[in-house]
Amino acid sequence: MNMAVDPRRASGVTPAALELTDITRSFDEGNRKLHILKGANLRIEAGEMVALVAPSGTGKSTLLHIAGLLERPDGGNVFLGPVNCSDLSDDKRTAIRRNDIGFVYQFHHLLPEFTALENVMMPQMIRGLSKKLAAERANELLKYMKLEERVTHRPSELSGGEQQRVAIARAVANAPRILLLDEPTGNLDPKTAHYVFDALSALVRASGLSTLFATHNLELAGRMDRSITLQDGLVTPL
Ligand SMILES: Nc1ncnc2c1ncn2[C@@H]1O[C@H](COP(=O)(O)OP(=O)(O)OP(=O)(O)O)[C@@H](O)[C@H]1O
């Protein structure tokens, strides 16, 4: 695969797992413009776990959506490894999003009529994996998330923390390059939040996955490799 490899990155500096350069994004609010991102830069290395901690409304979700190729920025570039995703067609971006990016949201978005196991199998089968192999990997991931006793439960039969652990297993099912989490523990009590984080970080550390984790929880942020914030539309260290 050699889609839109930027020549500056094909030679020289080792590409980051994810790099955002000069990202701008504004929204129309009535007849004025809200400038949310004003040239934000961010580099996440392979295997790095980065916390994004910033006040409500400063643009965390906007940044995550741009990094996850769910939205295009007004300006700037998004690189995944050496590939500049900004130049790609919507179809190619969708393929990268499906194969290389995992997303976990505050609310789990699991399919209610399917079991935990089936929810984790689904993205693998959409990608073309056989049912047998998808089930093997789903079982392995759910075991890793300490949910081996819950594989046949539907989301409504699981606690909030269990639902989020299934959502994490589903997000990593296709072995993405990067995992983006938008306040995945925001809806959980502190003890459960730490339990979910323990399971996540064991998985992340074992697989060398790179993660960007938006949270308001400073204790969780302190357990990651570094923390960043958004200030006046720019990414700065916290
Ligand atoms: N599609 C949109 N149209 C108009 N305004 C938007 C849109 N998306 C986001 N905004 C505005 O941009 C700002 C940043 O939103 P964003 O959701 O990125 O913030 P956030 O930091 O994730 O907030 P929170 O922590 O509350 O989730 C907010 O003022 C929001 O109202």
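Start at 1 and go down the list; that is how both ligands and their atoms are numbered. Index from 1, following the sequence. From a predicted model like this one, the values you see are computed outputs, not experimental measurements.
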* Asked: Between the side chains of Ser86 and Asn77, is a donor N or O closer than 3.5 angstrom to an acceptor N or O?
  -> yes
* Asked: Judged by modelled atom types alone, do Ser89 and Asp91 share a side-chain donor-acceptor pair under 3.5 Å?
  -> no
Acceptor/donor pairs from residues 54-61 side chains to any protein atom, 3.5 angstrom cut, sequence neighbours excluded:
from: Thr58; atom 1: OG1; to: Pro55; atom 2: O; distance (Å): 2.6
from: Lys60; atom 1: NZ; to: Ala54; atom 2: O; distance (Å): 2.8
from: Lys60; atom 1: NZ; to: Pro55; atom 2: O; distance (Å): 3.3
from: Ser61; atom 1: OG; to: Asp182; atom 2: OD2; distance (Å): 2.9

* Taking only Lys NZ, Arg NE, NH1 and NH2, and the carboxylate oxygens of Asp or Glu, determine whether Glu136 and Lys132 approach each other closer than 4.0 Å. => yes
What pairs of donor and acceptor atoms, side-chain ones from residues 183-190 against any protein atom, are under 3.5 angstrom apart with sequence neighbours left out?
from: Glu183; atom 1: OE2; to: His216; atom 2: NE2; distance (Å): 3.2
from: Asp189; atom 1: OD1; to: Lys191; atom 2: N; distance (Å): 3.1
from: Asp189; atom 1: OD1; to: Thr192; atom 2: N; distance (Å): 2.9
from: Asp189; atom 1: OD1; to: Thr192; atom 2: OG1; distance (Å): 3.0
from: Asp189; atom 1: OD2; to: Thr192; atom 2: OG1; distance (Å): 2.8

* Amino acids in close contact with ligand 1, where any non-hydrogen atom sits under 4.0 angstrom away -> Phe27, Ile36, Pro55, Ser56, Gly57, Thr58, Gly59, Lys60, Ser61, Thr62, Glu183, His216
Kindly list each side-chain donor-acceptor pair under 3.5 angstrom involving residues 229-238, sequence neighbours excluded, with atom names and distances?
from: Thr229; atom 1: OG1; to: Val53; atom 2: O; distance (Å): 2.6
from: Asp232; atom 1: OD1; to: Lys38; atom 2: NZ; distance (Å): 2.7

